[in-house]
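In what follows, a single structure is set out as structure tokens and then discussed.
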There are 2 protein chains.
Amino acid sequence: MSRQRLDPETITRMAMAVVDEGGLEALSLSAVAQRLGVGPSALYSHVDGLEGLHQLVAMGAMRNMVTEVRQAAIGVAGPGALESMGNAYRRFALEHPGQFRSTVAHPGPAGEGLAAAHDELLEVFALVYAGAGLDRTESAVAARQARSAIHGFVSLEACSGSTPDHDDHYSDLIALFSRALNRRRVR
Amino acid sequence: MSRQRLDPETITRMAMAVVDEGGLEALSLSAVAQRLGVGPSALYSHVDGLEGLHQLVAMGAMRNMVTEVRQAAIGVAGPGALESMGNAYRRFALEHPGQFRSTVAHPGPAGEGLAAAHDELLEVFALVYAGAGLDRTESAVAARQARSAIHGFVSLEACSGSTPDHDDHYSDLIALFSRALNRRRVR
DNA sequence: ACCTGAACACCGTTCAAGT
DNA sequence: ACCTGAACACCGTTCAAGT
């Protein structure tokens with residue numbers, strides 16, 4: 001026997017591949033272990049069971065999301081930035097439905113790390129508003145509202161079998177939150 | 001043996017009780033069968049396996065949601081109606097997190113019925129806008145946007161361990177979509 | 001027609017045993 | 001320290017058998 005070398009990062013990467021290919025419900029210790037050429041029980045040396053694996057996948061998904069949304073906002077001015085970020089948000093959900101769903105799954109006992117990741121994504125939105133002149137608390141409020149709307153639209157679209165004729169509605173919805181960028185007022 | 005009498009309605013009701021008490025991940029054929037005092041295999045005469053049970057729970061949850069949101073809008077004028085509906089939406093998600101999550105789970109092969117239930121909920125929102133003078137298509141667009149925002153906020157709050165100090169942010173978010181009721185214009 | 005009970009494959013988890 | 005392999009409890013599903 002060739003004594004496999006494992007670590008949490010490798011396991012998480014493999015788990016996310018499973019989720020990308022078979023959806024969130026395909027995630028299991030057995031499936032991941034099989035891809036690694038190892039017995040299921042071997043994973044317990046690095047991961048806190050199935051629940052721990054779910055948490056790692058959710059954290060990885062949030063990290064990917066933050067990366068893409070942040071990248072979409074680079075070098076784009078105010079209202080355009082929000083639309084670009086919204087498009088990146090939506091694209092991620094449609095291309096990686098399993099990862100997307102993992103970010104909003106059960107709260108879980110070790111959910112404080114996930115909550116921090118969500119706050120980090122919120123911070124990306126807040127930076128756009130802060131750049132437009134809104135103060136810290138105003139930016140936080142506007143960011144939460146814009147993110148909620150974007151998340152809700154994308155979430156319902158991903159669930160509803162993706163009828164991709166809602167492009168205009170999505171743009172209009174984002175435009176609604178771009179106004180706070182011009183007027184310096186949310187309400 | 002007393003020969004249990006089963007039907008899909010009873011099974012669904014029991015399944016939703018399981019989800020209400022133990023969360024969506026507690027739903028299993030075994031758990032439901034046990035509460036009914038019957039073997040797990042007995043359920044296959046009335047329900048299309050675990051996946052079918054999930055669908056029935058999701059449909060029942062949507063029915064409950066439509067009922068509560070519709071009831072919240074009765075006898076309330078324009079902007080107040082939207083806020084009342086938003087509060088009912090939020091309350092349902094916080095009181096029945098398992099049911100709420102079931103409505104937005106995996107698309108599934110038999111998801112056309114669920115999609116219809118979602119459209120029915122959307123119709124409740126559209127009626128408010130139609131009552132304010134918007135035409136059919138305008139109402140549909142406004143309803144979808146308002147619902148998206150409400151759903152996103154509530155969904156993220158329910159996931160994030162429910163820090164209940166976001167009441168003002170939620171009210172402001174809803175108020176943002178009430179303006180279409182006064183101005184007859186969404187953008 | 002509908003439920004039982006045995007049967008099977010599969011999964012998560014634990015643990016003694018090896019290296 | 002870390003992986004194996006056996007072991008256990010549990011679950012979804014099928015099916016022959018009873019009523």
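- Distance B:D7 CG to C:dC3 C1': 14 Å, rounded to the nearest Å.
- One interatomic measurement links the two molecules: CG of B:L29 to P of C:dC3, which rounds to 14 Å at whole-angstrom precision.
- The aromatic ring centroids of A:F100 and A:H96 lie 6.0 Å or more from each other.
- At least one donor-acceptor pair closer than 3.5 Å links the side chain of A:S84 to the backbone N or O of A:A72.
- In this structure, A:Y170 contributes its side chain and A:G86 its backbone to a donor-acceptor pair below 3.5 Å.
- Remark: P of C:dC2 and CG of B:L6 are 10 Å apart, rounded to the nearest angstrom.
- Atom CG of B:N64 is separated from atom CD of B:E95 by 11.5 Å, given to the nearest 0.5 angstrom.
- Checking side-chain atoms of B:H118 against main-chain N and O of B:T103 turns up a donor-acceptor pair under 3.5 Å.
- C:dC10 atom P lies 18 Å from atom CG of A:L50, rounded to whole Å.
- Here C:dC10 presents its P atom at 19 Å from CD of A:E25, a figure rounded to the nearest Å.
- Counting only heavy atoms from C-beta on, B:V38 has its side chain closest to C:dT4 among C:dT4, C:dT13, D:dC11.
- Counting only heavy atoms from C-beta on, B:R5 has its side chain closest to C:dC2 among D:dG12, C:dC2, C:dT13.
- Base pairing of C:dG5: its partner is D:dC15, meeting the Watson-Crick or G-U wobble criterion (both donor-acceptor distances under 3.5 Å).
- Residues A:D172 and B:R144 are not paired through a salt bridge, judged by the lack of any N-O separation under 4.0 Å between the basic side chain and the carboxylate.
- For residues 41-49 of chain A, proximity to DNA chain C is found at A:S41, A:Y44, A:G49, defined as any non-hydrogen atom under 4.0 angstrom from a strand atom.
- Whole-Å rounding puts the B:Q34 CD to D:dC10 C1' distance at 12 Å.
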